[in-house]
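Take a look at the structure below.
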Amino acid sequence: MRLIILGPPGAGKGTQAARIAERLGIPAISTGDIFRSNIKNQTELGRRVEAILAAGGYVPDEVTNEIVDDRLTWADAENGFLLDGFPRTAPQVEALEQMLSRHGHALDAVLELTVDEEAVVERLLKRAATEGRADDTESVIRERQAIYRRETAPLADHYQQAGLLVQVDGMGAVDEVTDRVIDALPAH
Ligand code: AMP
C-alpha cells in the first residue's frame, strides 16, 4: 500500500504512522525525522535546515522533494510506504505524483487525522512545560498550526477530489485511533 498521512502538528501523526506502517509491513517515512537526524549529525543538509525547523517554518520544496525522491527508491519502499509529513504543499503533491508515475505507481489512500485544534494546542503546551522544550513557545506552536491550516489542510481537498481521502477521528486513545485507521483503509 502506498499511503500518506495528514494531520496538524500534535495530532499524534508520527505515533500513528509508526503503528500503522508496522501493521501493514511497510516503512513509515517521516521527512521531519530525516531532517532531525541530519541536524543531530550536523550533516550539510542538517546545517541548512536547522534554523527553519527551529522556527517552525517549511523547508524549501526542492530540498524536501529531493530527499523523498531518494528515499522512495530504497528497497524497503518497493512494495509500499506510509509518508508522514510529506507532501505538505501543492508543489510537493505534484512532485510526489511525478515520482510515483515514473515507476508506474499511484497512491492507494490519503489518511487525514482530524482533531480539535484548541485541544491539540493545549496538549502541546503541556508537553512543552513538562519536557522543558523551551523552543516550543505558544507562539511557535500556534504558528505551526496556522502554517498547517494555510499550506497543508488544502491538500486534503485535492485528495478528496481524487477519491483518495480517508478521514479518521484522531482524538482519543492511541490504540483506538490505530484501530479506526486500519478499519477505514481500503481493502488490503
Ligand atoms: P514533522 O516532524 O513532520 O512535524 O516535521 C518537523 C519539521 O520539519 C517541520 O516543522 C518542517 O520544518 C520540516 N518539514 C518536515 N516535512 C516537511 C515538508 N514536507 N516540507 C517542508 N518542511 C518539512
Side-chain angles (χ1 to χ4, degrees), residues 2-21 27-74 77 81-100 107 110-115 117 119-121 123-128 131 133-159 164 168 170 174 177 181:
R2 295 183 175 85
L3 304 171
I4 291 174
I5 186 163
L6 298 175
K13 199 162 42 77
T15 305
Q16 290 301 333
R19 296 166 65 103
I20 297 158
I29 299 175
S30 154
T31 40
D33 281 353
I34 294 173
F35 290 135
R36 278 184 291 272
S37 91
N38 275 274
I39 291 170
K40 197 163 151 225
N41 296 319
Q42 283 292 295
T43 65
E44 194 192 326
L45 170 68
R47 285 194 294 270
R48 268 169 82 187
V49 302
E50 192 162 10
I52 300 174
L53 266 82
Y58 280 2
V59 173
D61 289 333
E62 315 80 71
V63 177
T64 312
N65 291 342
E66 203 177 309
I67 286 162
V68 175
D69 201 2
D70 172 72
R71 181 63 185 84
L72 292 185
T73 64
W74 292 20
F81 51 76
L82 173 54
L83 279 171
D84 161 17
F86 182 92
R88 261 180 159 96
T89 65
Q92 291 180 12
V93 169
E94 175 68 19
L96 177 63
E97 267 154 36
Q98 284 175 13
M99 287 171 214
L100 293 175
L107 290 171
V110 176
L111 294 162
E112 183 182 29
L113 289 183
T114 58
V115 291
E117 185 170 320
V120 164
V121 170
R123 197 199 299 160
L124 291 176
L125 282 172
K126 262 193 211 134
R127 187 175 76 182
E131 294 180 10
R133 299 186 183 204
D135 286 352
D136 282 1
T137 61
E138 180 160 357
S139 68
V140 168
I141 288 170
R142 291 207 181 269
E143 177 62 10
R144 286 199 183 111
Q145 298 290 326
I147 294 176
Y148 179 82
R149 226 184 305 115
R150 191 173 66 232
E151 304 274 342
T152 307
L155 306 191
D157 298 337
H158 167 85
Y159 288 121
L164 291 171
V168 178
V174 173
V177 177
V181 171

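These numbers come from a predicted model, not from an experiment. First listed ligand is number 1; within each ligand, the first listed atom is number 1.
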- Query: If we only count heavy atoms from C-beta on, is the L155 to I4 side-chain gap below 4.5 Å?
  - Reply: no
- Item | From L72 atom CG to R2 atom CZ, the distance as rounded to the nearest 0.5 Å | 9.0 Å
- Message: With a 3.5 Å distance limit and no angle check, can you tell me whether Q145 reaches the backbone of P9 through a side-chain donor-acceptor pair?
- Response: yes
- Item | Nearest-neighbour protein heavy atom for atom 22 (N) of ligand 1, which is reported as residue plus atom name and distance | V59 N, 3.1 Å
- Between CD1 of I5 and CD1 of I20, what distance do you get to the nearest 0.5 Å? 4.0 Å
- Message: R36 versus ligand 1: do any nitrogen or oxygen atoms come within less than 3.5 Å of each other?
- Response: yes
- Can you sort out which atoms of ligand 1 are near G85, meaning under 4.0 Å from one of its heavy atoms? 16 (N), 17 (C), 18 (C), 19 (N)
- Item | CD/E151: more than 12 non-hydrogen atoms of other groups inside 6.0 Å | yes
- Task: Please could you name the atoms of ligand 1 that T64 approaches to less than 4.0 Å, counting only its heavy atoms?
- Result: 18 (C), 19 (N), 20 (N), 21 (C)
- Evaluating non-hydrogen atoms only, which member of R88, R144, E143 is closest to atom 4 (O) of ligand 1? R88
- Task: Step through the shown structure and confirm whether more than 12 heavy atoms of other residues, nucleotides or ligands are within 6.0 Å of CZ on R123.
- Result: yes
- Query: Should you measure from each heavy atom of T31, which atoms of ligand 1 turn up under 4.0 Å away?
  - Reply: 15 (C), 16 (N), 17 (C), 19 (N)
- To which protein heavy atom is atom 20 (N) of ligand 1 closest, and what is the distance rounded to 0.1 Å? Q92 NE2, 2.9 Å
- What residue and atom, counting heavy atoms only, is the protein's closest point to atom 23 (C) of ligand 1, and at what distance? F35 CE1, 3.7 Å
- Item | 4.0 Å heavy-atom contact, G57 with ligand 1 | yes
- Any donor-acceptor N/O pair, D69 side chain to N65 backbone, under 3.5 Å: no
